[in-house]
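My structure is below; once you've seen it, I'll send some questions.
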Amino acid sequence: MLRRLFRGKQQVAEDPEVVIPGAKQGGHGDHWGCILRSLDEGRLIGDLTTVTQKDDHPVTFGNVTRGLAFRSEEGPVRSCVLVVKNTLASAYPEIEDGAVWPVLIREVIPWANGIEGQISGVCYGAAIQFFDTRFYASAHNYRVGETYNFKMGALAYTIGHAPETEAASDIGASISFKGASAFMPASTSGEGADIDDYWFHSPLNGEVTETSLFGQRLRIYPIILAIPSDFEMHLPVFAADHVVAADMELARVEDDLQGYLWLQGHLAEDPEETEE
């Protein structure tokens, strides 16, 4: 959505001081559809500009090309606006409060603009890949093969009650999905999905709460994405009204939910939070 609004004028990705050769093209400024409906996107630029005007203490990042990270007011989900050389480089919704997962890093995946990236790793044996919302501040600290604690959250593309389904086991027996916590990369079942997009089937693990961003209501569905090695991968899933199925008004704890989500996280002890 952000790329459409800027009509290709995101100049940072073309800056030779910032570009990483061979890195992934694009960025995460196109995920605003999780928050805003298409009819609301025209106001996004104004909202993002307001964020930069109100944040009096932006975080400085980068050594070669200095950048600034602006955030909206405190809350469980905030808007993060990245500015480099007085040009808006990217902006995305960032989940502030999330469950902590220990992740052993297998690969750090930078995007070509040099300020965004993804993490590919393992959490208690479960392979996961997610967008690092503070990659611009943390990337230089990561070491492949090391384990770090990340605060994890997700934004829903779709969410609703899961149908009662069964799958055949290796020996031909039917296995019910009822009450199961399961997920798989969305790329296996949908076109255009990135590595941090997932299909999930999980029971609702607690009461649904609410918050908002840019005046849009977001419901927060606590789930357990998976339970590898008996570790419960708790995850808050934030969902705007337009991505929530109508039957979700009747959702109750332990109901099976299903949908698609965008997985993101940031270091539980973030470098920018410990700067003096």
Interatomic spacing from OH in Y221 to CG in N205 - rounded to 0.5 Å
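Nearest 0.5 Å value for the OH-CG distance: 15.0 Å.
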What's the verdict on side-chain contact (heavy atoms from CB on, under 4.5 Å) for F61 and V84, showing C-alpha distance, side-chain angles and the deciding distance?
CA-CA 9 Å; F61 63 87; V84 177; 4.1 Å; yes
Are L204 and E254 close enough, and set up right, to give a side-chain contact (heavy atoms from CB on, under 4.5 Å), and what steps lead you there?
CA-CA 5 Å; L204 183 61; E254 296 187 357; over 6 Å; no
Nearest 0.5 Å, please: how far is CH2 in W101 from OG1 in T147?
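Between atom OG1 of T147 and atom CH2 of W101 there are 14.5 Å.
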Is E73 salt-bridged to R78, cutoff N-O under 4.0 Å?
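Result for this pair is no, no salt bridge flagged.
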Do V122 and M233 sit in one hydrophobic cluster, given that two such residues count as connected whenever their side-chain heavy atoms are within less than 4.5 Å of each other, even indirectly?
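In one cluster: no.
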Could you verify whether a donor N or O on one side chain and an acceptor N or O on the other, from D256 and H161, lie under 3.5 Å apart?
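Side-chain D/A pair, D256 to H161: absent.
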Side chains of L48 and F70: does their closest heavy-atom pair fall under 4.5 Å?
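Side chain of L48 against side chain of F70, heavy atoms only: no contact under 4.5 Å found.
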State, to 0.1 Å, how close I105 and V108 come at their nearest heavy-atom pair, and which atoms those are.
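Looking at all heavy atoms of both residues, the closest pair is CG2-CG2, 3.9 Å.
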As a quick check of understanding, evaluate side-chain hydrogen bond (donor to acceptor under 3.5 Å, both in side chains) for T133 and Q264, giving each step before the final call.
CA-CA 7 Å; T133 60; Q264 59 170 244; 4.8 Å; no
Heavy-atom closest pair, residues A69 and D55:
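Nearest heavy atoms, A69 then D55: O-OD2, 4.1 Å.
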Do I223 and F200 touch side chain to side chain, with heavy atoms closer than 4.5 Å?
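Yes, side chains in contact.
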Does a donor on one side chain and an acceptor on the other come within less than 3.5 Å for Q118 and D196?
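Result is yes, a qualifying pair exists.
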Side chain proximity check, P185 to I195, heavy atoms < 4.5 angstrom
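The answer is no, as the side chains (C-beta and beyond) never meet within the 4.5 Å cut-off.
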Is it true that the side chains of Y148 and N141 contain a donor and an acceptor less than 3.5 Å apart?
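The answer is no; no qualifying pair exists.
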Determine, for R134 against E116, whether the closest basic-nitrogen to carboxylate-oxygen distance falls under 4.0 angstrom.
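Salt bridge between R134 and E116, a charged N being under 4.0 Å from a carboxylate O: no.
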In this structure, is the centre-to-centre distance between the rings of F231 and Y124 below 6.0 Å?
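Ring centres of F231 and Y124 closer than 6.0 Å.
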Does the pair D241/R37 count as a salt bridge with the N-to-O cut at 4.0 Å?
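Looking at R37 together with D241, the answer is no, because their closest N to O distance does not fall below 4.0 Å.
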Please assess I109 against S120 for the test side-chain contact (heavy atoms from CB on, under 4.5 Å), listing each intermediate value before the final yes or no.
CA-CA 7 Å; I109 306 167; S120 179; 4.2 Å; yes
Roughly how far, to the nearest 0.5 Å, is the CG atom of L225 from the CG atom of L235?
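Reported value, rounded in 0.5 Å steps: 5.5 Å.
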Is there side-chain contact between P76 and I95, with heavy atoms separated by less than 4.5 Å?
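Not in contact.
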Hey, is E96 close enough to K151 for a salt bridge, meaning N to O under 4.0 Å?
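Here E96 does not pair with K151 in a salt bridge, since their nearest N and O are not under 4.0 Å apart.
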Identify the heavy atoms of R106 and V144 that sit nearest to each other, and give their distance.
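R106 and V144 have their closest heavy atoms at O-CG1, 3.4 Å.
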Given side chains that start at C-beta, do those of T211 and V77 come closer than 4.5 Å, heavy atoms only?
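Yes - at least one pair of side-chain heavy atoms lies under 4.5 Å apart.
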Is atom CG of N86 surrounded by more than 12 heavy atoms (other residues, nucleotides or ligands) closer than 6.0 Å?
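Atom CG in N86 is not packed in, count stays at 12 or less.
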Nearest non-hydrogen partners of P203 and A180, listed with the distance
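Nearest pair, atom of P203 first, then A180: CD-O, 3.3 Å.
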In Å, rounded to the nearest 0.5 Å, how long is the span from OH of Y136 to CG of L68?
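Answer for the OH-CG pair, Y136 versus L68, is 10.5 Å.
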Flag side-chain contact, heavy atom, 4.5 Å: H242 against Q216:
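They are not in side-chain contact.
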Separation of Y92 OH from I35 CD1 (nearest 0.5 Å)
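Separation between the atoms: 14.0 Å.
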Do S202 and I224 have side chains that get closer than 4.5 Å, going by heavy atoms?
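The answer is no; the side chains never approach within 4.5 Å.
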Any side-chain heavy atom of H201 sitting closer than 4.5 Å to one from S181?
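Not touching, per the 4.5 Å side-chain cut-off.
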From S79 atom OG to D47 atom CG, the distance as rounded to the nearest 0.5 Å
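Result: 8.0 Å between the selected atoms.
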Where G117 and F135 come nearest, the two heavy atoms and their spacing
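Heavy-atom minimum between the residues: N-CG, 3.4 Å.
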R71 side chain vs V59 backbone, donor-acceptor pair below 3.5 Å:
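No, the answer is negative, given that no donor and acceptor are paired below the 3.5 Å cut-off.
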Run the side-chain contact (heavy atoms from CB on, under 4.5 Å) check on H266 and D132 step by step: do they pass?
CA-CA 5 Å; H266 62 83; D132 181 354; 4.1 Å; yes
Do you reckon F238 sits in the same ILVMFWY cluster as V253, going by side-chain contacts under 4.5 Å, direct or chained?
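Result: no, two separate clusters.
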If you group Ile, Leu, Val, Met, Phe, Trp and Tyr by side-chain heavy-atom gaps below 4.5 Å, do I220 and Y260 land in one group?
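Per the 4.5 Å side-chain linkage, I220 and Y260 are co-clustered.
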Start with the C-alpha gap between F150 and F130, add the side-chain angles, then the distance that decides, and say whether ring-ring contact (aromatic ring centres under 6.0 Å, His included) holds.
CA-CA 10 Å; F150 287 89; F130 60 92; 5.1 Å; yes
Do Y157 and D197 pair up side chain to side chain, a donor and an acceptor below 3.5 Å, judged on atom types alone?
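Judged by distance alone, the side chains do pair up.
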Under 6.0 Å between the ring centres of W262 and F131?
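Aromatic pair counts; centres sit under 6.0 Å.
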Taking all non-hydrogen atoms of both residues into account, name the closest pair between G160 and A245 and its distance.
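That would be CA-CB, 3.8 Å.
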